[in-house]
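Scroll down for the structure; my scribbles are underneath it.
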Amino acid sequence: QVQLVESGGGSVQAGGSLRLSCAASAYTVSSGCMGWVRQAPGKEREGVATIDTAGSTSYTDSVKGRFTISRDNAKNTLTLQMDKLKPEDTAMYYCAARRYRGSCYRRRPLSANEVNYWGQGTQVTVSS
């Protein structure tokens, strides 16, 4: 069974940084489209960042220049480095993946309805 397990969430002051990690099992991070999706209370799920099999990345406009998605093929993990955090970044963050034959999109992150595999989520809280 595919498993995606997030870690690294927590509470931080505005302007601070966090690094989220996603450990994948029964799924090779270099072989599929993967990304991060977040959901704030009372809001719809929002695709934050994706990385394709060639290493190309896409970000939602609100995090460009602040967040960086990457993968470590040797460790089979996915990472989201979050810098200059803002209170509006507060949300549950989910590691997400598509089936190997699914594709990433070059100009936008994955939307929730394009995700086949989900992690359990890790909470990020940013205070002002």
Side-chain angles (χ1 to χ4, degrees):
Q1 300 283 351
V2 173
Q3 290 189 321
L4 305 173
V5 181
E6 303 96 332
S7 61
S11 298
V12 66
Q13 295 281 343
S17 298
L18 286 171
R19 177 178 288 182
L20 307 183
S21 294
C22 172
S25 300
Y27 190 96
T28 300
V29 300
S30 62
S31 296
C33 175
M34 300 190 72
W36 295 88
V37 178
R38 68 185 179 186
Q39 186 169 31
K43 296 184 178 181
E44 295 182 350
R45 291 188 177 186
E46 175 189 31
V48 176
T50 51
I51 184 168
D52 71 10
T53 56
S56 297
T57 58
S58 298
Y59 300 91
T60 191
D61 286 343
S62 64
V63 309
K64 288 180 179 177
R66 300 189 296 119
F67 290 11
T68 304
I69 187 171
S70 62
R71 65 186 180 219
D72 186 330
N73 294 341
K75 296 181 179 179
N76 204 40
T77 57
L78 183 76
T79 297
L80 185 68
Q81 177 67 43
M82 304 185 295
D83 298 318
K84 300 179 180 179
L85 283 161
K86 302 176 180 180
E88 50 263 45
D89 295 318
T90 295
M92 185 73 74
Y93 284 72
Y94 298 91
C95 182
R98 299 200 75 188
R99 299 184 182 100
Y100 291 151
R101 292 184 177 182
S103 299
C104 284
Y105 299 90
R106 60 180 295 179
R107 294 187 175 184
R108 64 168 177 84
L110 292 174
S111 61
N113 62 7
E114 296 167 336
V115 174
N116 299 119
Y117 308 112
W118 294 91
Q120 82 286 355
T122 186
Q123 179 67 40
V124 171
T125 302
V126 185
S127 59
S128 60

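Side chains are part of it too, since the values below use all heavy atoms of this structure and drop only hydrogens, waters and symmetry mates. Here, residue 1 is the first one in the sequence, and each next residue gets the next number.
Contact annotation: the side chain of T60 approaches that of P109 to within less than 4.5 Å [non-hydrogen atoms, C-beta and beyond]. Using a 4.5 Å heavy-atom threshold, the side chains of E46 and S62 count as touching. At a threshold of 4.5 Å between non-hydrogen side-chain atoms, the residues D89 and R38 count as touching. E6 has its side chain within reach of Q120: a pair of non-hydrogen atoms, C-beta onward, lies under 4.5 Å apart.
We find the OG-CG distance between S30 and L78 to be 11.5 Å, quoted to the nearest 0.5 Å. In this structure, the separation between CZ on R45 and CG on L110 is 13.0 Å, given to the nearest 0.5 Å. Atom NZ of residue K86 and atom OG of residue S128 lie 13.5 Å apart, to the nearest 0.5 angstrom. Going from atom OG of S11 over to atom CG of L85 covers 11.0 Å, rounded to the nearest 0.5 Å. With values rounded to the nearest 0.5 angstrom, R101 atom CZ is found 13.0 Å from N116 atom CG.
With hydrogens and angles ignored, the 3.5 Å screen pairs a side-chain donor or acceptor of S58 with a backbone N or O of R106. Side chain of R98 to backbone of G35: no donor-acceptor contact under 3.5 angstrom is found. Under a 3.5 Å cut-off, the side chain of R71 and the backbone N or O of D52 do form a donor-acceptor pair. Panel note: side chain N76, backbone A24; a donor-acceptor pair is recorded below 3.5 Å.
Under the 4.0 Å criterion applied to side-chain N and carboxylate O atoms, D61 and K64 are assigned as salt-bridge partners.
Placement of V115 and V29 in two distinct hydrophobic clusters is found when ILVMFWY residues are connected by side-chain heavy-atom separations under 4.5 Å, directly or transitively. Put simply, V126 and Y59 are part of the same group of oily side chains (I, L, V, M, F, W, Y) that touch within less than 4.5 Å, one to the next. Transitive grouping of hydrophobic side chains (ILVMFWY, heavy atoms separated by less than 4.5 Å) brings L4 and L20 into a common cluster. Cluster annotation: L80 and Y105 are assigned to distinct hydrophobic clusters (Ile/Leu/Val/Met/Phe/Trp/Tyr, side-chain heavy-atom contacts under 4.5 Å, transitive). In the hydrophobic cluster analysis, where Ile, Leu, Val, Met, Phe, Trp and Tyr join through side-chain heavy atoms closer than 4.5 angstrom, V12 is grouped together with M82.
S70 and I51 make their closest contact through CA-CD1, 4.2 Å (heavy atoms, listed as atom of the first residue, atom of the second, distance). Closest approach of V37 and A96 over heavy atoms only: CG2-CB, 4.2 Å. Scanning all heavy atoms of the two residues, the minimum distance from Q81 to S17 falls at NE2-CB, 4.1 Å. T50 and C104 get closest at one heavy-atom pair: CB-SG, 4.3 Å. The minimum heavy-atom distance between A91 and Q123, with the atom names listed, is O-NE2, 3.3 Å.
The environment of CZ in R108 is crowded: more than 12 heavy-atom neighbours from other residues, nucleotides or ligands sit within 6.0 Å. E44 CD: 12 or fewer foreign heavy atoms inside a 6.0 Å radius.
Using the six-membered ring where Trp is involved, Y94 and W118 have ring planes that are perpendicular, over 60° apart on the 30 and 60° scheme.
The ring pair (Phe, Tyr, Trp, His ring centres under 6.0 Å) contacts involving residues 4-43 comprise Y27-Y100, Y27-Y117, where partners must be two or more places apart or lie in separate chains.
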